[in-house]
S.K.: 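This is the structure, below, for whatever I ask next.
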Amino acid sequence: LAAVGLGGVALLIVGWRLRLKRPGYGLMLQGGGIGVLYLTIFAAFRLYKMLPPELAFGLLAGIAVFSAVLAIVQDSRSLAITGVAGGFLAPILASTGGRGHVALFSFYAVLNAGILVIARYKAWRELNLIGFAFTFIIGLAWGSKYYRPELFASTEPFLVLFFLFYVAIAVMFASRQAPQLTH
């Protein structure tokens with residue numbers, strides 16, 4: 001697993017070095033490296049029980065943040081989408097079946113805040129839609145399985161926050177598109 005992880009890091013390094021000469025190829029290598037790292041941590045945690053859940057979750061979240069930074073620096077939607085998708089999947093992949101909904105929704109609030117920040121500078125509709133879809137589907141799945149009326153006070157603020165995030169993202173996207181439509 002360590003050798004495979006190092007292979008993923010090598011893909012990231014080679015992809016970064018090729019980003020100026022062969023940008024498409026460099027981004028593919030970086031995306032592959034990120035995918036290899038996600039899968040290696042998942043295998044170490046879930047298949048081989050070599051990592052504790054907290055460490056696996058932290059590593060998966062760190063990869064998501066790292067890939068988002070790479071995407072913004074290189075102006076790459078595909079890398080941003082890979083990072084965000086991995087970020088949303090991290091708690092699911094590292095889950096041990098616990099019901100810590102406040103921690104789960106707090107993590108998703110941070111991810112959605114990141115999408116909001118990116119939306120301030122980039123009109124990447126696909127990223128906005130993927131973030132919304134993951135938030136909605138995972139929230140719906142959690143709600144159908146675990147929600148009870150006594151959890152209302154600890155759940156509703158997150159629902160309102162997610163709603164406000166995606167209204168703000170839609171408004172920012174529309175305002176970025178409006179000047180282009182008038183020309």
S.K.: Please report the closest heavy-atom contact between Leu161 and Ala109, naming both atoms and the distance.
M.R.: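 Shortest heavy-atom contact: CD2-CB, 3.8 Å.
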
S.K.: State the CG-CG distance between Leu159 and Leu164, to the nearest 0.5 angstrom.
M.R.: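 Here the rounded value is 11.0 Å.
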
S.K.: So do the side chains of Glu156 and Leu151 get within less than 4.5 Å of each other, counting heavy atoms only?
M.R.: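 In short, these two side chains do not touch, never coming nearer than 4.5 Å.
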
S.K.: Side chains of Ser78 and Ile81: does their closest heavy-atom pair fall under 4.5 Å?
M.R.: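 A side-chain contact under 4.5 Å is absent here.
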
S.K.: Going by the side chain to side chain contact (heavy atoms under 4.5 Å, CB included) test, name the single residue among Phe132, Tyr166, Trp124 that passes it with Ile115.
M.R.: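 Checked Phe132, Tyr166, Trp124 against Ile115; only one passes side chain to side chain contact (heavy atoms under 4.5 Å, CB included): Tyr166.
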
S.K.: May I have the step-by-step check of side chain to side chain contact (heavy atoms under 4.5 Å, CB included) for Gln30 and Leu79, ending in yes or no?
M.R.: CA-CA 8 Å; Gln30 291 174 57; Leu79 213 49; 3.7 Å; yes

S.K.: Going only through I, L, V, M, F, W and Y residues with side-chain contacts under 4.5 Å, is there a path from Ile138 to Leu116?
M.R.: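 Ile138 and Leu116: one cluster.
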
S.K.: Taking all atoms of both residues into account, what is the closest heavy-atom pair of Gly86 and Ala64, and its distance?
M.R.: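 Closest approach of Gly86 to Ala64, heavy atoms only: C-CB, 4.5 Å.
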
S.K.: The test is side chain to side chain contact (heavy atoms under 4.5 Å, CB included); show your working for Lys122 and Leu127 and say whether it passes.
M.R.: CA-CA 10 Å; Lys122 306 283 184 188; Leu127 182 66; over 6 Å; no

S.K.: Phe88: which residues meet the ring pair (Phe, Tyr, Trp, His ring centres under 6.0 Å) condition with it, sequence neighbours left out?
M.R.: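 Scan of Phe88 (ring pair (Phe, Tyr, Trp, His ring centres under 6.0 Å), adjacent residues dropped) gives Tyr108, Phe134.
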
S.K.: Nearest 0.5 Å, what's the CZ-CE distance between Arg120 and Met172?
M.R.: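 It is 7.5 Å, given to the nearest 0.5 Å.
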
S.K.: With side chains defined as the heavy atoms from C-beta onward, is the minimum distance between Ser106 and Phe158 less than 4.5 Å?
M.R.: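 Yes, their side chains come closer than 4.5 Å.
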
S.K.: Report the residues that fulfil side-chain hydrogen bond (donor to acceptor under 3.5 Å, both in side chains) with Thr155, sequence neighbours left out, ordered by chain and then residue number.
M.R.: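 Listed in chain order: nothing, the list is empty.
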
S.K.: Out of curiosity, Ile169 CD1 to Ile118 CD1, how far, rounded to the nearest 0.5 Å?
M.R.: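 Result: 9.5 Å between the selected atoms.
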
S.K.: Do any pairs count as a ring-ring contact (aromatic ring centres under 6.0 Å, His included) and have a residue in residues 51-87, sequence neighbours left out, and if so which ones?
M.R.: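 The answer is Phe57-Phe107.
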
S.K.: Should Phe152 and Val160 be counted in the same cluster of Ile, Leu, Val, Met, Phe, Trp and Tyr side chains packed under 4.5 Å apart?
M.R.: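 As far as the 4.5 Å side-chain criterion goes, Val160 and Phe152 are not connected within one cluster.
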
S.K.: How long is the straight-line distance from OG of Ser67 back to CD1 of Ile63, given to the nearest 0.5 Å?
M.R.: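 Separation between the atoms: 8.0 Å.
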
S.K.: Using only atom types and a distance under 3.5 Å, with no angle test, would you say the side chain of Gln74 pairs donor to acceptor with the backbone of Leu70?
M.R.: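 Yes.
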
S.K.: Does Val117 belong to the same Ile/Leu/Val/Met/Phe/Trp/Tyr cluster as Leu129, with side-chain heavy atoms less than 4.5 Å apart forming each link?
M.R.: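 Looking at the clustering, Leu129 is in a separate group from Val117.
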
S.K.: Can you find a heavy atom in the side chain of Pro91 that is under 4.5 Å from one in the side chain of Leu104?
M.R.: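 Contact flag for Pro91/Leu104 side chains = yes.
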
S.K.: How many angstroms lie between CG in Leu60 and OG1 in Thr40, if you round to the nearest 0.5 Å?
M.R.: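 It is 10.5 Å, given to the nearest 0.5 Å.
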
S.K.: Count the heavy atoms belonging to other residues, nucleotides or ligands that lie under 6.0 Å from OH of Tyr147, then report whether that count exceeds 12.
M.R.: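 Yes.
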
S.K.: Partners of Phe165 by ring pair (Phe, Tyr, Trp, His ring centres under 6.0 Å), sequence neighbours excluded?
M.R.: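 Counting only residues at least two positions away or on another chain, Phe165 forms no ring pair (Phe, Tyr, Trp, His ring centres under 6.0 Å).
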
S.K.: What is the distance from atom CG of Leu39 to atom CZ of Arg46, rounded to the nearest 0.5 Å?
M.R.: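 Nearest 0.5 Å value for the CG-CZ distance: 13.5 Å.
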
S.K.: Does a side-chain heavy-atom distance below 4.5 Å link Tyr146 with His101?
M.R.: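 Of all side-chain heavy-atom pairs linking His101 with Tyr146, none is under 4.5 Å.
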
S.K.: Please list every donor-acceptor pair under 3.5 Å in which a side-chain atom of residues 1-29 meets a protein atom from a residue at least two apart or in another chain.
M.R.:
unit_1	atom_1	unit_2	atom_2	d
Arg19	NH1	Trp16	O	2.8

S.K.: Is there a path of hydrophobic side-chain contacts, each under 4.5 Å between heavy atoms of I/L/V/M/F/W/Y residues, joining Leu37 to Ile92?
M.R.: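 Linked within one cluster.
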
S.K.: Quick check: is Phe45 connected to Leu89 through a chain of hydrophobic side chains (ILVMFWY, heavy atoms under 4.5 Å apart)?
M.R.: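 Yes.
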
S.K.: Could you work out, with salt bridge (charged side-chain N to carboxylate O under 4.0 Å, His left out) as the rule, every residue matching Glu54, not counting sequence neighbours?
M.R.: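 Residues passing salt bridge (charged side-chain N to carboxylate O under 4.0 Å, His left out) with Glu54: none at all.
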
